[in-house]
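Because the structure is a prediction, the values reported are computed rather than measured. All ligand and atom numbering here is 1-based and tracks the order in the structure. The figures here come from the full heavy-atom set of this structure, side chains too, leaving out hydrogens, waters and symmetry mates.
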Amino acid sequence: MSATTLTRSQLASRHRADALDARIEQDPAAFRMLSGDRPTGALHVGHYFGSLHNRVRLQDAGIDLFVVIADYQAMTDRVVPPDLPDLVAGLVADYLAIGIDPRRSTIFAHSQIAALNQLLLPFLGLVSVAEIGRNPTVKDEISAAGLATVSGLMFTYPVHQAADILFCHANLVPVGLDQLPHLEITRTVARRFNERYSPGRPYFREPEALLSAAPLLLGTDGQKMSKSRNNSIPLRASADETARLLGKAKTDAEKVISFEPQRRPEVANLLSLTALCRGSTPEEVADEIGNRGAAALKAAAIDAVNERFAEVRARRAELAADPGYLRTVLAAGNERATAIADDTLRAVRELMNQRY
Ligand code: TRP
(Lines give C-alpha, C1' and ligand atoms only; values in the text may rest on other atoms or scores of the structure.)
Protein backbone atom coordinates (compact mmCIF):
# COMPACT_ATOMS: atom_id res chain seq x y z
CA MET A 1 0.00 0.00 0.00
CA SER A 2 1.63 3.27 -0.95
CA ALA A 3 1.24 6.48 0.96
CA THR A 4 -0.60 8.18 -1.85
CA THR A 5 -3.10 5.57 -2.99
CA LEU A 6 -5.66 5.64 -0.24
CA THR A 7 -8.84 3.69 -0.73
CA ARG A 8 -12.14 5.42 -0.19
CA SER A 9 -12.62 3.90 3.23
CA GLN A 10 -9.12 4.99 4.24
CA LEU A 11 -9.86 8.51 3.11
CA ALA A 12 -13.11 8.46 5.05
CA SER A 13 -11.21 7.36 8.13
CA ARG A 14 -8.76 10.17 7.68
CA HIS A 15 -11.54 12.74 7.48
CA ARG A 16 -13.13 11.22 10.53
CA ALA A 17 -9.76 11.49 12.27
CA ASP A 18 -9.57 15.22 11.55
CA ALA A 19 -13.01 15.79 13.05
CA LEU A 20 -12.03 13.62 15.96
CA ASP A 21 -9.02 15.76 16.74
CA ALA A 22 -11.30 18.72 17.34
CA ARG A 23 -13.51 16.72 19.72
CA ILE A 24 -10.49 15.45 21.61
CA GLU A 25 -9.24 18.94 22.18
CA GLN A 26 -12.60 19.98 23.61
CA ASP A 27 -13.14 17.05 25.92
CA PRO A 28 -10.17 14.70 26.45
CA ALA A 29 -11.90 12.97 29.38
CA ALA A 30 -14.53 11.54 26.99
CA PHE A 31 -11.86 9.30 25.48
CA ARG A 32 -9.98 6.22 26.44
CA MET A 33 -7.28 5.29 23.99
CA LEU A 34 -5.72 1.91 23.35
CA SER A 35 -2.94 0.97 21.01
CA GLY A 36 -0.11 -1.50 21.01
CA ASP A 37 2.62 -3.45 19.33
CA ARG A 38 3.97 -6.94 18.95
CA PRO A 39 7.15 -7.75 20.85
CA THR A 40 9.01 -8.89 17.75
CA GLY A 41 11.84 -6.36 17.75
CA ALA A 42 12.71 -2.75 18.32
CA LEU A 43 10.11 -0.12 17.52
CA HIS A 44 11.10 1.88 14.47
CA VAL A 45 10.61 5.32 12.99
CA GLY A 46 7.62 4.08 10.97
CA HIS A 47 5.85 3.17 14.22
CA TYR A 48 6.84 6.48 15.69
CA PHE A 49 5.34 8.70 13.03
CA GLY A 50 2.48 6.31 12.27
CA SER A 51 1.18 5.84 15.81
CA LEU A 52 3.54 6.36 18.74
CA HIS A 53 3.76 10.14 18.55
CA ASN A 54 -0.05 10.30 18.52
CA ARG A 55 -0.21 8.22 21.68
CA VAL A 56 2.15 10.52 23.52
CA ARG A 57 0.53 13.66 22.17
CA LEU A 58 -2.90 12.55 23.34
CA GLN A 59 -1.68 11.22 26.66
CA ASP A 60 -0.24 14.67 27.22
CA ALA A 61 -3.58 16.19 26.21
CA GLY A 62 -5.19 14.32 29.12
CA ILE A 63 -6.54 11.15 27.52
CA ASP A 64 -6.34 7.89 29.46
CA LEU A 65 -3.93 5.68 27.47
CA PHE A 66 -3.62 1.89 27.43
CA VAL A 67 -0.76 0.23 25.58
CA VAL A 68 -0.93 -3.48 24.83
CA ILE A 69 2.17 -5.56 24.29
CA ALA A 70 0.66 -8.13 21.96
CA ASP A 71 2.71 -11.18 22.84
CA TYR A 72 0.18 -13.70 21.50
CA GLN A 73 0.10 -11.84 18.20
CA ALA A 74 3.87 -12.13 18.09
CA MET A 75 3.38 -15.89 17.79
CA THR A 76 1.11 -15.80 14.78
CA ASP A 77 3.90 -16.11 12.24
CA ARG A 78 6.89 -17.40 14.23
CA VAL A 79 7.80 -19.74 17.03
CA VAL A 80 8.20 -18.25 20.48
CA PRO A 81 11.56 -16.52 20.52
CA PRO A 82 13.78 -17.59 23.43
CA ASP A 83 14.44 -13.92 24.16
CA LEU A 84 10.74 -13.01 24.45
CA PRO A 85 11.16 -11.52 27.97
CA ASP A 86 13.90 -9.23 26.64
CA LEU A 87 11.77 -8.21 23.68
CA VAL A 88 8.92 -7.33 26.03
CA ALA A 89 11.23 -5.35 28.33
CA GLY A 90 12.64 -3.64 25.23
CA LEU A 91 9.17 -2.48 24.21
CA VAL A 92 8.51 -1.11 27.68
CA ALA A 93 11.82 0.78 27.46
CA ASP A 94 10.88 2.14 24.02
CA TYR A 95 7.51 3.34 25.32
CA LEU A 96 8.95 5.10 28.32
CA ALA A 97 11.76 6.62 26.25
CA ILE A 98 9.35 8.26 23.79
CA GLY A 99 7.37 9.78 26.64
CA ILE A 100 4.65 7.34 27.69
CA ASP A 101 4.25 8.10 31.38
CA PRO A 102 3.55 5.04 33.54
CA ARG A 103 1.93 7.17 36.24
CA ARG A 104 -0.79 8.25 33.82
CA SER A 105 -0.87 5.40 31.30
CA THR A 106 -1.23 1.62 31.51
CA ILE A 107 1.27 -0.64 29.74
CA PHE A 108 0.35 -4.35 29.84
CA ALA A 109 1.04 -7.65 28.04
CA HIS A 110 -2.15 -9.33 26.82
CA SER A 111 -1.02 -12.85 27.73
CA GLN A 112 -1.07 -11.79 31.39
CA ILE A 113 -4.69 -10.66 31.40
CA ALA A 114 -6.73 -13.86 31.67
CA ALA A 115 -10.17 -12.25 31.39
CA LEU A 116 -9.15 -10.30 28.27
CA ASN A 117 -8.26 -13.56 26.57
CA GLN A 118 -11.52 -15.16 27.57
CA LEU A 119 -13.43 -12.42 25.75
CA LEU A 120 -12.10 -13.94 22.53
CA LEU A 121 -14.64 -16.78 22.81
CA PRO A 122 -17.85 -14.78 22.78
CA PHE A 123 -16.33 -12.45 20.20
CA LEU A 124 -15.49 -15.34 17.85
CA GLY A 125 -19.18 -16.16 17.93
CA LEU A 126 -20.01 -12.77 16.44
CA VAL A 127 -18.01 -12.93 13.19
CA SER A 128 -18.09 -15.34 10.29
CA VAL A 129 -15.19 -17.34 8.94
CA ALA A 130 -15.65 -15.55 5.59
CA GLU A 131 -15.40 -12.12 7.23
CA ILE A 132 -12.21 -13.08 9.00
CA GLY A 133 -10.82 -14.57 5.80
CA ARG A 134 -11.26 -11.32 3.85
CA ASN A 135 -8.93 -9.32 6.11
CA PRO A 136 -6.30 -7.85 3.74
CA THR A 137 -3.71 -7.20 6.46
CA VAL A 138 -3.81 -10.82 7.60
CA LYS A 139 -3.52 -11.96 3.98
CA ASP A 140 -0.47 -9.70 3.48
CA GLU A 141 1.16 -11.02 6.61
CA ILE A 142 0.56 -14.62 5.61
CA SER A 143 2.18 -14.06 2.24
CA ALA A 144 5.04 -11.98 3.69
CA ALA A 145 5.82 -14.71 6.21
CA GLY A 146 5.72 -17.38 3.50
CA LEU A 147 3.76 -19.69 5.77
CA ALA A 148 2.98 -23.15 4.44
CA THR A 149 0.00 -23.44 6.77
CA VAL A 150 -2.00 -20.77 8.57
CA SER A 151 -2.68 -21.34 12.25
CA GLY A 152 -6.03 -20.63 13.87
CA LEU A 153 -4.25 -18.02 15.96
CA MET A 154 -3.01 -16.20 12.86
CA PHE A 155 -6.42 -16.38 11.20
CA THR A 156 -8.32 -15.08 14.22
CA TYR A 157 -5.90 -12.56 15.71
CA PRO A 158 -7.96 -9.55 14.54
CA VAL A 159 -10.78 -10.84 16.75
CA HIS A 160 -8.35 -11.18 19.62
CA GLN A 161 -7.36 -7.59 18.88
CA ALA A 162 -11.02 -6.66 19.39
CA ALA A 163 -10.65 -8.05 22.92
CA ASP A 164 -7.50 -5.94 23.43
CA ILE A 165 -9.53 -2.86 22.60
CA LEU A 166 -12.95 -3.62 24.04
CA PHE A 167 -11.94 -5.08 27.41
CA CYS A 168 -11.13 -1.58 28.66
CA HIS A 169 -13.88 0.16 26.66
CA ALA A 170 -11.37 2.12 24.61
CA ASN A 171 -13.04 4.36 22.05
CA LEU A 172 -9.98 5.68 20.29
CA VAL A 173 -7.26 3.66 18.59
CA PRO A 174 -4.27 5.49 17.10
CA VAL A 175 -2.95 3.23 14.37
CA GLY A 176 -1.33 3.11 10.99
CA LEU A 177 -3.36 2.45 7.83
CA ASP A 178 -2.65 -1.27 7.84
CA GLN A 179 -4.63 -1.66 11.07
CA LEU A 180 -7.92 -0.27 9.71
CA PRO A 181 -9.31 -3.69 8.70
CA HIS A 182 -8.73 -4.88 12.27
CA LEU A 183 -10.48 -1.87 13.66
CA GLU A 184 -13.45 -2.58 11.40
CA ILE A 185 -13.68 -6.07 12.91
CA THR A 186 -13.57 -4.56 16.40
CA ARG A 187 -16.39 -2.19 15.52
CA THR A 188 -18.41 -5.07 14.08
CA VAL A 189 -17.85 -7.16 17.21
CA ALA A 190 -18.94 -4.28 19.47
CA ARG A 191 -22.03 -3.55 17.38
CA ARG A 192 -23.14 -7.15 17.11
CA PHE A 193 -22.50 -7.82 20.78
CA ASN A 194 -24.74 -4.89 21.64
CA GLU A 195 -27.44 -5.94 19.18
CA ARG A 196 -27.44 -9.52 20.32
CA TYR A 197 -26.86 -9.33 24.05
CA SER A 198 -27.59 -5.81 25.12
CA PRO A 199 -30.25 -4.38 22.82
CA GLY A 200 -31.38 -0.87 23.58
CA ARG A 201 -28.55 -0.33 26.02
CA PRO A 202 -25.22 -0.64 24.19
CA TYR A 203 -22.56 -2.17 26.43
CA PHE A 204 -19.48 -1.76 24.20
CA ARG A 205 -18.55 1.47 22.47
CA GLU A 206 -17.50 1.30 18.83
CA PRO A 207 -13.94 2.57 18.80
CA GLU A 208 -12.68 5.00 16.20
CA ALA A 209 -9.35 4.92 14.42
CA LEU A 210 -7.10 7.88 14.80
CA LEU A 211 -4.91 7.92 11.76
CA SER A 212 -1.69 9.81 11.80
CA ALA A 213 -1.44 12.64 9.30
CA ALA A 214 2.00 11.29 8.46
CA PRO A 215 2.41 9.19 5.31
CA LEU A 216 3.08 5.48 5.71
CA LEU A 217 6.87 5.20 5.71
CA LEU A 218 8.51 2.55 3.59
CA GLY A 219 11.48 0.47 4.69
CA THR A 220 14.96 0.89 3.25
CA ASP A 221 14.12 -1.69 0.57
CA GLY A 222 11.04 0.18 -0.61
CA GLN A 223 8.64 -2.33 0.98
CA LYS A 224 6.42 -1.73 4.01
CA MET A 225 8.65 -0.86 6.97
CA SER A 226 8.47 -3.77 9.35
CA LYS A 227 10.46 -5.07 12.29
CA SER A 228 10.42 -8.52 10.80
CA ARG A 229 11.45 -7.52 7.26
CA ASN A 230 14.86 -6.21 8.26
CA ASN A 231 14.27 -2.93 6.51
CA SER A 232 13.52 -0.58 9.39
CA ILE A 233 15.32 2.20 11.24
CA PRO A 234 14.89 1.31 14.93
CA LEU A 235 14.19 4.21 17.25
CA ARG A 236 17.02 3.04 19.45
CA ALA A 237 19.60 2.61 16.65
CA SER A 238 22.88 4.42 17.26
CA ALA A 239 23.86 7.31 15.01
CA ASP A 240 26.31 5.02 13.21
CA GLU A 241 23.73 2.27 12.73
CA THR A 242 21.31 4.84 11.38
CA ALA A 243 23.94 5.97 8.88
CA ARG A 244 24.61 2.39 7.82
CA LEU A 245 20.91 1.51 7.46
CA LEU A 246 19.93 4.64 5.56
CA GLY A 247 23.14 4.48 3.56
CA LYS A 248 21.92 1.28 1.91
CA ALA A 249 18.38 2.56 1.32
CA LYS A 250 17.07 2.01 -2.19
CA THR A 251 16.94 5.17 -4.33
CA ASP A 252 17.29 5.94 -8.03
CA ALA A 253 19.95 7.42 -10.30
CA GLU A 254 18.27 10.75 -11.14
CA LYS A 255 20.41 13.62 -9.96
CA VAL A 256 17.65 16.15 -9.35
CA ILE A 257 15.74 15.22 -6.23
CA SER A 258 11.98 15.71 -6.50
CA PHE A 259 9.01 14.67 -4.42
CA GLU A 260 7.04 12.34 -6.68
CA PRO A 261 5.60 9.56 -4.53
CA GLN A 262 4.07 7.67 -7.48
CA ARG A 263 7.03 7.75 -9.82
CA ARG A 264 9.88 7.81 -7.29
CA PRO A 265 8.53 6.10 -4.16
CA GLU A 266 11.90 5.41 -2.54
CA VAL A 267 13.17 8.97 -2.97
CA ALA A 268 9.82 10.34 -1.79
CA ASN A 269 10.08 8.12 1.26
CA LEU A 270 13.47 9.52 2.28
CA LEU A 271 12.13 13.03 1.73
CA SER A 272 9.09 12.27 3.91
CA LEU A 273 11.23 10.78 6.66
CA THR A 274 13.56 13.78 6.67
CA ALA A 275 10.64 16.20 6.67
CA LEU A 276 8.85 14.38 9.50
CA CYS A 277 12.00 14.46 11.62
CA ARG A 278 12.58 18.15 10.93
CA GLY A 279 8.94 19.24 11.06
CA SER A 280 9.11 20.57 7.48
CA THR A 281 7.67 19.35 4.18
CA PRO A 282 9.11 16.86 1.68
CA GLU A 283 8.98 19.52 -1.03
CA GLU A 284 11.14 21.86 1.06
CA VAL A 285 13.68 19.11 1.63
CA ALA A 286 13.70 18.28 -2.10
CA ASP A 287 14.31 21.94 -2.99
CA GLU A 288 17.17 22.12 -0.59
CA ILE A 289 18.87 19.02 -2.00
CA GLY A 290 18.26 20.16 -5.58
CA ASN A 291 20.59 18.42 -8.02
CA ARG A 292 22.92 16.91 -5.45
CA GLY A 293 21.37 13.49 -5.89
CA ALA A 294 20.67 10.50 -3.66
CA ALA A 295 23.89 10.71 -1.65
CA ALA A 296 23.04 14.21 -0.40
CA LEU A 297 19.47 13.11 0.29
CA LYS A 298 20.65 10.18 2.37
CA ALA A 299 23.05 12.40 4.30
CA ALA A 300 20.19 14.79 5.09
CA ALA A 301 17.95 11.92 6.19
CA ILE A 302 20.65 10.46 8.44
CA ASP A 303 21.25 13.84 10.15
CA ALA A 304 17.54 14.47 10.56
CA VAL A 305 16.84 11.07 12.16
CA ASN A 306 19.86 11.29 14.43
CA GLU A 307 18.93 14.75 15.64
CA ARG A 308 15.25 14.00 16.08
CA PHE A 309 15.86 10.90 18.18
CA ALA A 310 19.04 11.79 20.08
CA GLU A 311 17.19 12.51 23.31
CA VAL A 312 14.89 9.47 23.04
CA ARG A 313 17.95 7.29 22.47
CA ALA A 314 19.79 8.66 25.49
CA ARG A 315 16.76 8.14 27.71
CA ARG A 316 16.26 4.64 26.37
CA ALA A 317 19.85 3.66 27.16
CA GLU A 318 19.30 4.73 30.77
CA LEU A 319 16.06 2.76 31.02
CA ALA A 320 17.56 -0.36 29.50
CA ALA A 321 20.16 -0.33 32.26
CA ASP A 322 17.41 -0.74 34.87
CA PRO A 323 15.47 -3.95 34.02
CA GLY A 324 14.01 -4.10 37.52
CA TYR A 325 12.25 -0.80 36.97
CA LEU A 326 10.90 -1.94 33.60
CA ARG A 327 9.48 -5.07 35.26
CA THR A 328 7.80 -2.97 37.95
CA VAL A 329 6.14 -0.75 35.36
CA LEU A 330 4.77 -3.75 33.46
CA ALA A 331 3.59 -5.52 36.63
CA ALA A 332 1.64 -2.42 37.70
CA GLY A 333 0.09 -2.13 34.24
CA ASN A 334 -0.86 -5.81 34.18
CA GLU A 335 -2.53 -5.45 37.56
CA ARG A 336 -4.58 -2.45 36.48
CA ALA A 337 -5.61 -4.10 33.20
CA THR A 338 -6.58 -7.30 35.00
CA ALA A 339 -8.94 -5.47 37.36
CA ILE A 340 -10.68 -3.83 34.40
CA ALA A 341 -10.83 -7.01 32.31
CA ASP A 342 -12.32 -8.94 35.25
CA ASP A 343 -15.12 -6.38 35.51
CA THR A 344 -15.78 -6.51 31.78
CA LEU A 345 -15.88 -10.30 31.67
CA ARG A 346 -18.28 -10.33 34.62
CA ALA A 347 -20.61 -7.92 32.81
CA VAL A 348 -20.33 -9.88 29.56
CA ARG A 349 -21.29 -13.12 31.30
CA GLU A 350 -24.28 -11.39 32.87
CA LEU A 351 -25.43 -10.03 29.52
CA MET A 352 -24.98 -13.44 27.90
CA ASN A 353 -27.16 -15.00 30.57
CA GLN A 354 -24.31 -17.06 31.95
CA ARG A 355 -25.48 -16.83 35.55
CA TYR A 356 -25.22 -20.18 37.27
N1 TRP B 1 -1.83 -5.51 15.32
C2 TRP B 1 -0.93 -4.53 15.87
C3 TRP B 1 0.40 -4.60 15.11
O4 TRP B 1 0.64 -5.56 14.42
C5 TRP B 1 -0.66 -4.70 17.35
C6 TRP B 1 -1.90 -4.65 18.19
C7 TRP B 1 -2.38 -5.68 18.96
C8 TRP B 1 -2.81 -3.58 18.34
N9 TRP B 1 -3.50 -5.30 19.59
C10 TRP B 1 -3.81 -4.02 19.25
C11 TRP B 1 -2.88 -2.27 17.82
C12 TRP B 1 -4.88 -3.21 19.61
C13 TRP B 1 -3.96 -1.47 18.18
C14 TRP B 1 -4.95 -1.92 19.07
O15 TRP B 1 1.19 -3.71 15.22
Side-chain angles (χ1 to χ4, degrees), residues 1 13 17 31-55 58 63-78 87-88 90-91 94-95 100 105-113 116-117 119-120 123 132 135-142 144-145 153-190 204-212 216-217 219 224-229 232 234-235 333 337 340-341:
M1 195 189 309
S13 299
F31 294 90
R32 176 172 277 179
M33 173 168 59
L34 181 134
S35 194
D37 305 276
R38 304 172 184 206
T40 51
L43 291 176
H44 55 62
V45 298
H47 294 123
Y48 186 79
F49 292 112
S51 160
L52 299 172
H53 85 287
N54 252 342
R55 300 182 201 172
L58 295 171
I63 293 188
D64 194 13
L65 168 65
F66 283 69
V67 184
V68 58
I69 295 178
D71 52 346
Y72 274 122
Q73 259 188 37
M75 294 164 199
T76 51
D77 61 353
R78 72 200 71 211
L87 289 167
V88 169
L91 267 191
D94 280 344
Y95 292 146
I100 292 177
S105 296
T106 305
I107 301 171
F108 67 98
H110 64 185
S111 68
Q112 306 302 300
I113 319 298
L116 180 161
N117 291 297
L119 289 174
L120 177 62
F123 290 180
I132 301 177
N135 189 295
T137 300
V138 176
K139 283 193 204 162
D140 278 357
E141 284 166 355
I142 289 169
L153 183 65
M154 166 64 107
F155 192 65
T156 57
Y157 90 74
V159 188
H160 192 228
Q161 185 155 330
D164 289 340
I165 297 169
L166 296 179
F167 92 91
C168 66
H169 302 277
N171 58 351
L172 194 60
V173 186
V175 285
L177 284 175
D178 61 322
Q179 296 294 305
L180 289 182
H182 301 345
L183 206 73
E184 272 319 308
I185 289 189
T186 300
R187 293 165 63 86
T188 301
V189 165
F204 286 117
R205 308 192 275 193
E206 282 183 50
E208 297 186 63
L210 185 68
L211 282 176
S212 163
L216 192 71
L217 286 174
K224 173 183 167 181
M225 191 184 290
S226 158
K227 295 185 218 109
S228 39
R229 290 181 208 194
S232 66
L235 289 178
I340 296 170

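- Nearest heavy-atom pair across Leu183 and Pro207 is CD2-O, 4.1 Å.
- Geometrically, Arg55 does not engage Tyr48 in a cation-pi contact defined by less than 6.0 Å to the ring centre and at most 45° from the axis.
- Ring planes of Phe123 and Phe204: perpendicular class, angle over 60° (limits at 30 and 60°).
- Note on ring orientation: taking the six-membered ring where Trp is involved, the planes of Phe49 and His53 are tilted (angle from 30° to 60°).
- Between the side chains of Tyr72 and Asn117, no donor-acceptor pair is found at a separation under 3.5 Å.
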Return a table of N or O atom pairs, ligand 1 on one side and protein on the other, at distances under 3.5 Å, rounded to 0.1 Å.
| from | atom 1 | to | atom 2 | distance (Å) |
| --- | --- | --- | --- | --- |
| ligand 1 | 1 (N) | Gln73 | OE1 | 2.9 |
| ligand 1 | 1 (N) | Gln161 | OE1 | 2.9 |
| ligand 1 | 1 (N) | Gln179 | OE1 | 2.9 |
| ligand 1 | 4 (O) | Arg38 | NE | 2.9 |
| ligand 1 | 9 (N) | Asp164 | OD2 | 2.7 |

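- Salt bridge annotation for Arg32-Glu208: absent, with no cationic side-chain nitrogen under 4.0 angstrom from a carboxylate oxygen.
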